[in-house]
Asker: 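There's a structure below that I have some questions on.
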Amino acid sequence: MRLKAMVQFPFQSKRIFRFTWISIILLVLSALVFAGDEVRQIDVPNSKDLIKQAEKHIRKGNFSDAEKILQNVIEKDSTNSKAKLILSYIYLKQRKLADSYKLSFEVAKVEAQNARAFSLVGLALLNNGNFTDAKMILNRAYTIDKTEPLSWYGYGMLSFYENRINEGLNALERAEFLDPDDYDIVFSYAQVLARAEKYKEAAEEYNKFLLISPKNDFDRRNRIKGLIEFLRYLGNKQELYRVDSNVKKTIVPLELMRDRPIIEVKINGKEDKLRFVLDTGSGISVISEETAKRMKIKPISKGGTARAVGGDGKFEIIYGFLDAVNIGDSRVRNVPVYIRRFHDDGERVDGYIGLSLISKFLTTVDYGASTFTLVKKSNETLANFENEAIALPLRLTSSGFLSGEVQLSGLESPLNFIVDTGASISVISSDIANTREMSQFSVQEKMRVIGAAGITENVSSYILPKVTFGTHSRERVKAIALDLDVINEASGFEQAGILGGNFLKNYRLTFDFQNSKVTFVPVKN
């Protein structure tokens with residue numbers, strides 16, 4: 001089995017979020033009913049000094065030391081809301097979402113006018129993938145205090161995930177203005193600027209992050225140093241991903257190899273036919289070290305390591321640049337790529353087509369007809385797209401891939417799954433797999449996973465009784481269980497699994513990447 005890699009908070013803890021909708025309604029109502037109440041806070045000796053010490057540790061990135069100090073303050077004074085909210089934010093930074101939620105909820109429940117408490121509740125819900133409740137709570141925080149930076153931060157990220165990128169940028173810019181020293185806000189603003197193709201501005205924001213973020217965050221700082229150099233290089237290019245042909249529609253043959261769609265492409269005007277996997281689980285395209293060497297594609301910059309599935313969990317980040325990519329009669333100019341080693345297990349694959357490369361087209365993957373189609377967007381094509389079938393909404397993650405809500409038989413609430421044509425098999429997170437509801441579907445077969453960081457043997461597999469995406473369902477879907485922490489660190493909100501090729505191959509898929517939508521039409525295999 002092959003799984004293309006991508007760069008969770010325990011499932012039991014997720015139930016805190018899943019069953020809190022009643023608590024959340026009560027929280028909002030209590031904010032209206034008790035808005036005039038005062039909350040007493042015991043003045044414990046030295047608590048202010050201890051909180052100042054904790055804040056110094058936070059600025060240095062010493063979260064464990066800060067956590068111990070704040071827990072000590074809270075033990076002595078259970079009403080100290082400032083200590084609770086600072087600790088809640090520490091937990092949020094570390095993706096301990098249940099702990100962050102619990103502390104901020106405690107404060108919001110008794111301090112109806114505490115906008116920061118409501119903002120932290122909303123951010124914990126948002127990062128857990130609970131968009132509906134997060135939106136309601138963040139709106140409440142904004143109503144209380146329009147100058148609370150975390151409410152703007154939460155709204156900015158929510159807007160970005162829902163593909164309202166300009167709204168997200170405006171909100172994040174406001175959040176940074178209100179709190180220019182919050183390096184997480186600065187980092188997220190830089191990410192969204194890069195997604196909006198504002199590369200020079202993104203480079204400046206990342207540089208600002210380096211100036212204010214803790215020096216002990218070695219891995220992320222090293223990655224960003226290389227990324228800044230690459231973004232500045234991109235900022236000097238006239239237009240990235242420029243469609244440089246008058247062809248309105250291109251159809252090319254599609255080969256299905258282990259349930260992954262492979263097409264032939266040409267790069268940099270050369271006649272060599274290269275085999276690329278269509279990879280909707282990646283924002284940027286990738287080319288193998290071997291192919292880059294053969295085609296004389298030199299690195300633009302390097303910087304740090306990325307975490308990914310397989311092997312030791314890390315691989316070196318190397319950035320490259322292609323002058324042109326030809327898919328049939330369509331040509332796209334100025335294409336950034338990653339260059340990395342492929343653990344191909346005997347399969348000859350030269351690269352992966354990421355979403356950005358084909359984002360300006362309506363893109364159809366027809367598993368039944370074995371064709372790949374690119375259509376230039378127009379009002380007519382968009383109308384036909386909407387009328388062809390029900391367009392299912394997708395969300396954009398911080399790392400650039402698409403996520404949709406999937407229902408698994410046996411679980412009450414929908415879960416966020418990555419829609420990934422580059423993965424040969426579907427995936428559930430280890431946390432989901434270990435629940436009582438899912439563990440009964442385990443089978444004895446062990447599988448081999450090949451990811452960006454190497455190979456993992458003896459991976460547990462499952463037969464899921466029913467998987468539903470929108471109105472489309474498949475029964476007895478094989479899936480493997482993986483630790484998805486490496487994905488969730490970069491995605492922004494929690495992903496519980498991956499819809500891979502063994503599910504997707506039953507449909508004709510048409511993607512409108514810029515509007516984060518996809519249509520599913522069943523095909524005869």
Asker: When rounded to the nearest 0.5 angstrom, what distance separates CD1 in Ile185 from CD in Glu205?
Answerer: 11.0 Å

Asker: For Asn166, look at atom CG and say whether over 12 heavy atoms of other residues, nucleotides or ligands are found less than 6.0 Å away.
Answerer: no

Asker: What residue among Ile137, Leu125, Leu92, Ile86 forms side chain to side chain contact (heavy atoms under 4.5 Å, CB included) with Leu120?
Answerer: Leu92

Asker: Quick check on side chain to side chain contact (heavy atoms under 4.5 Å, CB included): which of Asp420, Ile418, Thr280, Leu355 does Leu402 satisfy it with?
Answerer: Leu355

Asker: Please step through side chain to side chain contact (heavy atoms under 4.5 Å, CB included) for the pair Met136 and Phe118, ending with a clear verdict.
Answerer: CA-CA 10 Å; Met136 179 169 61; Phe118 278 84; over 6 Å; no

Asker: Measure the shortest side-chain to side-chain distance between Gln94 and Ile90 over non-hydrogen atoms and say whether it is less than 4.5 angstrom.
Answerer: yes

Asker: After noting the C-alpha distance and the side-chain angles of Asp184 and Tyr189, does the key distance pass the side chain to side chain donor-acceptor pair (under 3.5 Å) rule?
Answerer: CA-CA 8 Å; Asp184 283 325; Tyr189 185 31; over 6 Å; no

Asker: When you look at Tyr161 and Leu396, which way does the side chain to side chain contact (heavy atoms under 4.5 Å, CB included) test go after all the steps?
Answerer: CA-CA 5 Å; Tyr161 298 147; Leu396 184 65; 5.8 Å; no

Asker: Checking the side chain of Glu197 only, and the main-chain atoms of Ala194 only, is there a donor and an acceptor separated by less than 3.5 Å?
Answerer: no

Asker: Is a side-chain donor or acceptor of Asn114 paired with a backbone partner of Ala117 at a separation under 3.5 angstrom?
Answerer: yes

Asker: Has Asn515 got a side-chain atom pairing as donor or acceptor with Lys517's backbone, closer than 3.5 angstrom?
Answerer: no

Asker: Can you name the closest pair of heavy atoms from Arg221 and Ser213 and give their distance?
Answerer: NH1-OG, 2.8 Å

Asker: Can you see which heavy atom on Ser151 is nearest to which on Ala141, and at what distance?
Answerer: CB-CB, 3.9 Å

Asker: Which residues pass the side-chain hydrogen bond (donor to acceptor under 3.5 Å, both in side chains) test with Lys466, not counting sequence neighbours?
Answerer: none

Asker: Test side chain to side chain contact (heavy atoms under 4.5 Å, CB included) on Ile480 and Val449 and set out the steps.
Answerer: CA-CA 9 Å; Ile480 58 171; Val449 174; 3.5 Å; yes

Asker: Examine the side chains of Ser429 and Gln495 and answer whether a donor and an acceptor come within less than 3.5 Å of each other.
Answerer: no

Asker: Is there a donor-acceptor contact under 3.5 Å from the side chain of Arg164 to the main chain of Gly156?
Answerer: no

Asker: Regarding Lys208 and the six-membered ring of Tyr206, is the cationic atom NZ or CZ under 6.0 Å from the ring centre and inside 45° of its axis?
Answerer: no

Asker: Taking all non-hydrogen atoms of both residues into account, name the closest pair between Leu138 and Ser119 and its distance.
Answerer: CD2-O, 3.8 Å

Asker: So, Asp485 versus Asn488: side-chain donor-acceptor pair below 3.5 Å or not?
Answerer: no

Asker: Taking the basic N atoms (NZ, or NE/NH1/NH2) and the acidic carboxylate oxygens, is any pair closer than 4.0 Å for Arg220 and Glu489?
Answerer: no

Asker: Testing the basics here: between Lys478 and Asn502, what is the closest heavy-atom pair and its distance to 0.1 Å?
Answerer: O-ND2, 2.8 Å

Asker: Is it true that Glu316 and Arg340 make a salt bridge, defined as a side-chain N closer than 4.0 Å to a carboxylate O?
Answerer: no

Asker: Determine, step by step, whether Lys446 and Ser460 satisfy the side chain to side chain contact (heavy atoms under 4.5 Å, CB included) criterion, reporting the C-alpha distance in whole Å, the side-chain angles of both residues, the deciding distance to 0.1 Å, and the verdict.
Answerer: CA-CA 5 Å; Lys446 299 293 183 180; Ser460 298; 3.1 Å; yes

Asker: Would you please say whether a donor-acceptor pair under 3.5 Å links the side chains of Ser81 and Glu111?
Answerer: yes

Asker: Could you give me the CA-CA distance, side-chain angles and deciding distance for Ser285 and Tyr352, then say whether side chain to side chain donor-acceptor pair (under 3.5 Å) is met?
Answerer: CA-CA 5 Å; Ser285 298; Tyr352 292 85; over 6 Å; no

Asker: For residues Phe493 and Phe131, establish whether the separation of their ring centroids is below 6.0 Å.
Answerer: yes

Asker: Fit a plane to each ring of Tyr319 and Phe230, take the angle between them on a 0 to 90° scale, and name the class: parallel (under 30°), tilted (30 to 60°) or perpendicular (over 60°).
Answerer: parallel

Asker: For the aromatic rings, using the six-membered ring if either is Trp, is the centroid distance between Phe187 and Phe209 under 6.0 Å?
Answerer: yes

Asker: Examine distances only and state if a side-chain atom of Ser442 and a backbone atom of Ser439 form a donor-acceptor pair shorter than 3.5 Å.
Answerer: no

Asker: Got a second to check how far Asp133's CG is from Asn128's CG, nearest 0.5 Å?
Answerer: 10.5 Å

Asker: Mind checking the CG-CG spacing from Leu123 to Leu97? Nearest 0.5 Å is all I need.
Answerer: 10.0 Å

Asker: Who passes side-chain hydrogen bond (donor to acceptor under 3.5 Å, both in side chains) against Ser409, sequence neighbours left out?
Answerer: none

Asker: Can you name the nearest heavy-atom pair linking Asn416 to Gly129, along with the distance?
Answerer: ND2-CA, 3.4 Å

Asker: Measure from the side-chain N and O atoms of Ser356 to the backbone N and O of Gly283, and report whether any donor-acceptor pair falls under 3.5 Å.
Answerer: yes

Asker: For Glu201, is there an ion pair with Lys198 - N to carboxylate O distance below 4.0 angstrom?
Answerer: no

Asker: Pairs under 3.5 angstrom only: tabulate donor-acceptor contacts from the side chains of residues 51-70 to other protein residues two or more places apart or in another chain.
Answerer:
from, atom 1, to, atom 2, distance (Å)
Glu67, OE2, Gln71, NE2, 3.3
Glu67, OE2, Tyr91, OH, 3.1

Asker: Verify, without hydrogens or angle tests, whether Arg116 (side chain) and Leu85 (backbone) share a donor-acceptor contact under 3.5 angstrom.
Answerer: no

Asker: About how many Å separate OH of Tyr155 and CG of Leu172, when rounded to the nearest 0.5 Å?
Answerer: 11.0 Å

Asker: Can you tell me if Ser473 and Thr468 form a side-chain donor-acceptor pair at under 3.5 Å?
Answerer: yes

Asker: Using every non-hydrogen atom in the two residues, find where Gly404 and Val419 come nearest and quote the distance to one decimal.
Answerer: N-CG2, 4.4 Å

Asker: Between Ser100 and Ser88, do the side chains contain an N or O donor and an N or O acceptor separated by less than 3.5 Å?
Answerer: yes

Asker: Could you tell me whether Trp152 and Tyr142 have their ring centroids closer than 6.0 angstrom?
Answerer: yes

